[in-house]
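Chain A is the first sequence line, chain B the second, and so forth, proteins listed ahead of strands; every chain is numbered from 1. Given the structure is predicted, the values throughout are model-derived calculations rather than measurements.
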Amino acid sequence: MSKEYIGPVGEGLYAVRTGDWRTRRPLMDQKTCRRCGICLMYCPVNAISRGADEAYSIGLEYCKGCGVCAAECPAKAIAMEKEGAK
Amino acid sequence: MTALDTLATREDQISPGISACVGCNVELTLRTVLKVLGPNTILAIPPGCMGGVGVVGWDKMSGAKVPVFFPLLDNSASMLAGIRLGLKARGREANVVAFAGDGATVDAGFQALSGAAERGDKIIYICYDNEGYMNTGYQRSSSTSKGSWTSTTPVSKEGSGGKPQHRKDFPLIMAMHDLPYVATASPAYIPDLVKKVERAMEVKEGLAYIHIYNPCLTGWGIKSDDSIAISRLSVQSRFFPLWEAHGRRLQFTVRVPKPVPVADYVRRIGKFRHLDEARIAELQAITDERYSFLEAMDRMGGGANAPGA
């Protein structure tokens, strides 16, 4: 099958390792989490994913540590901890 | 499918790492909009924050998984009109979408956009309005609110100054082009935004326009984790009401029966820090006047009979 280009196409995807920017790290408490998905909907970098068991997890590779998930979580299940504290 | 299911299951069409500021709600908006639009999309991102943070790519690398064009500040709509005609000639169908800031929409891009709207070019035009030219150091635009500090409307030590004029009501100007679909949206109301992008995709003929109000953390002086809370206050204070219109039939999509005072919104934003009671009262009066105009349109559109009206 020949590929038809419909616009400018890059040779690859450019990704900045934005996880390196983080000064605070989100920690999710699975016991307090109500599985509402608000953190996933409001995470600006799309770092939060939903697993097959309906549980949510935060990927730290691109998480910039903005704290929106912790601020928006209605169950207060996400805490922001200083990066490198431990 | 609920908005959450859509966002949890669809692929992100933007590079996972773009250099938007920490907590930027325009990045959130872009990712959300593109997840709904899906892979069969051709994107135009003119100069502005989202161009600058790398969505249009660097060197030979792309910042998006869909084809992305980098038009000039003023010609996104005209360029997409041509792309649409090219696709039509080749018998292809795709979402042809602009994602442009307020400078490239309400200022420099207005003539091209108004022309495309009047011709009825089949484009989805999305404006992320952060009230100014943020990626060049926050110069004022015609979408900047009255009283706002910007780098071109400075404030004196005594607190006088700031922008003398209030923002133009751009989404209403677009609605007055008698478009098949016009809507306002906010990053604090993601399910509402998802629904509006889906409605824009359903349009068969003509231009669909969505105006999204994005408080800018760096330019406005907002802490990163307040990004969504302050966006929500902009709606809950009726400062930026959420509505949609098919032609001139306008209806609110988020009703605010008990608004919070505009002062509660303004007081949390650094660029309004110098405003005294009188100047905030002025903003409250403008907000009330604009809202009652929309209320009248909402009643004409049948919205007064809707639940919660």
Side-chain angles (χ1 to χ4, degrees), chain A residues 3-26 34-74 76 78-80 83, chain B residues 2-5 7-9 12 14-32 35 40 42-44 53-70 83 86-87 90 92 94 187-188 190-191 194 217 223-229 232:
Chain A
K3 272 191 178 170
E4 186 195 11
Y5 292 106
I6 53 171
V9 179
E11 289 178 356
L13 201 62
Y14 179 87
V16 183
R17 287 288 298 268
T18 49
D20 296 348
W21 299 3
R22 206 170 46 242
T23 57
R24 295 180 303 158
R25 171 188 290 249
R34 293 182 203 153
R35 311 280 190 265
C36 68
I38 283 176
C39 54
L40 182 146
M41 277 201 282
Y42 290 93
C43 171
V45 300
N46 195 35
I48 300 180
S49 54
R50 185 170 75 178
D53 54 353
E54 299 285 306
Y56 293 85
S57 55
I58 305 175
L60 291 175
E61 196 176 358
Y62 295 103
C63 166
K64 297 174 184 172
C66 67
V68 162
C69 55
E72 290 304 309
C73 176
K76 300 270 165 271
I78 302 174
M80 297 303 290
E83 193 66 45
Chain B
T2 65
L4 175 61
D5 285 337
L7 299 173
T9 53
D12 194 349
I14 304 299
S15 162
I18 57 170
S19 330
C21 302
V22 174
C24 175
N25 54 55
V26 181
E27 179 175 358
L28 167 68
T29 303
L30 176 69
R31 291 185 191 280
T32 304
K35 268 190 189 175
N40 190 26
I42 295 178
L43 197 56
V53 301
V55 180
V56 295
W58 297 109
D59 199 8
K60 291 175 183 171
M61 305 288 271
S62 181
K65 297 174 191 170
V66 296
V68 50
F69 286 87
F70 194 25
I83 288 173
L87 286 176
R90 305 186 73 172
R92 277 206 60 153
I190 291 290
V194 167
L217 310 178
K223 282 196 307 193
S224 71
D225 42 9
D226 272 345
S227 179
I228 302 300
R232 193 179 299 116

(message) Within the 4.5 Å heavy-atom criterion, are B:Asp225 and A:Met80 side-chain neighbours or not?
(response)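 The answer is no, as the side chains (C-beta and beyond) never meet within the 4.5 Å cut-off.
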
Given that the side chain runs from C-beta out, which part of [X] has a heavy atom under 4.5 Å from chain B: side chain, backbone, both or neither?
| X | value |
| --- | --- |
| A:Glu72 | side chain |
| A:Arg50 | side chain |
| A:Cys69 | neither |
| A:Arg24 | side chain |

(message) Assess the residue pair B:Ser227 and A:Tyr42 against the criterion (side chain to side chain contact (heavy atoms under 4.5 Å, CB included)); give the C-alpha distance rounded to whole Å, side-chain angles, the decisive distance to 0.1 Å, and a yes or no.
(response) CA-CA 10 Å; B:Ser227 179; A:Tyr42 290 93; over 6 Å; no

(request) With a 4.5 Å cut-off on heavy-atom pairs, point out which of A:Gly67, A:Ala47, A:Pro44 contacts chain B the most. (result)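 Going by pairs under 4.5 Å, I would pick A:Pro44.
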
(request) Could you tell me which of A:Val68, A:Leu13, A:Thr18, A:Ile38 has the largest number of non-hydrogen atom pairs under 4.5 Å with chain B? (result)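 So the answer, after comparing A:Val68, A:Leu13, A:Thr18, A:Ile38, is A:Leu13.
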
Leading residue by heavy atom contact count with chain A [cutoff under 4.5 Å; candidates [options]]:
| options | value |
| --- | --- |
| B:Ser19, B:Ala3, B:Gly54, B:Gly86 | B:Ser19 |
| B:Ile190, B:Leu7, B:Asp226 | B:Ile190 |
| B:Ala20, B:Pro191, B:Ala64 | B:Ala20 |
| B:Gly57, B:Ala188, B:Cys21 | B:Ala188 |

(request) Search all heavy atoms of A:Ala15 against all heavy atoms of B:Pro16 and return the closest pair with its distance. (result)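 Answer, listing the atom of A:Ala15 first, then B:Pro16: CB-CG, 4.1 Å.
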
(message) Looking at B:Lys65, I'd like to know if its NZ atom is crowded, meaning that more than 12 non-hydrogen atoms belonging to other residues, nucleotides or ligands lie closer than 6.0 Å.
(response)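 Enclosed: over 12 neighbouring heavy atoms sit under 6.0 Å from NZ of B:Lys65.
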
(request) Quick one: pull up CE in A:Met41 and CD1 in B:Ile228 and give me the separation to the nearest 0.5 Å. (result)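 Result: 11.0 Å between the selected atoms.
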
(message) Once rounded to the nearest 0.5 Å, what's the spacing between atom CG of B:Asn25 and atom SG of A:Cys66?
(response)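 Going from the CG atom of B:Asn25 to the SG atom of A:Cys66 covers 10.0 Å.
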
(request) Identify which part of B:Thr9 has an atom lying under 4.5 Å from any heavy atom of chain A, answering side chain, backbone, both or neither. (result)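 The side chain, not the backbone.
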
(message) I need the single residue from B:Lys35, B:Arg31, B:Glu27 that forms a side-chain hydrogen bond (donor to acceptor under 3.5 Å, both in side chains) with A:Asn46. Which is it?
(response)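 Result: among B:Lys35, B:Arg31, B:Glu27, B:Lys35 is the only option passing the side-chain hydrogen bond (donor to acceptor under 3.5 Å, both in side chains) with A:Asn46.
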
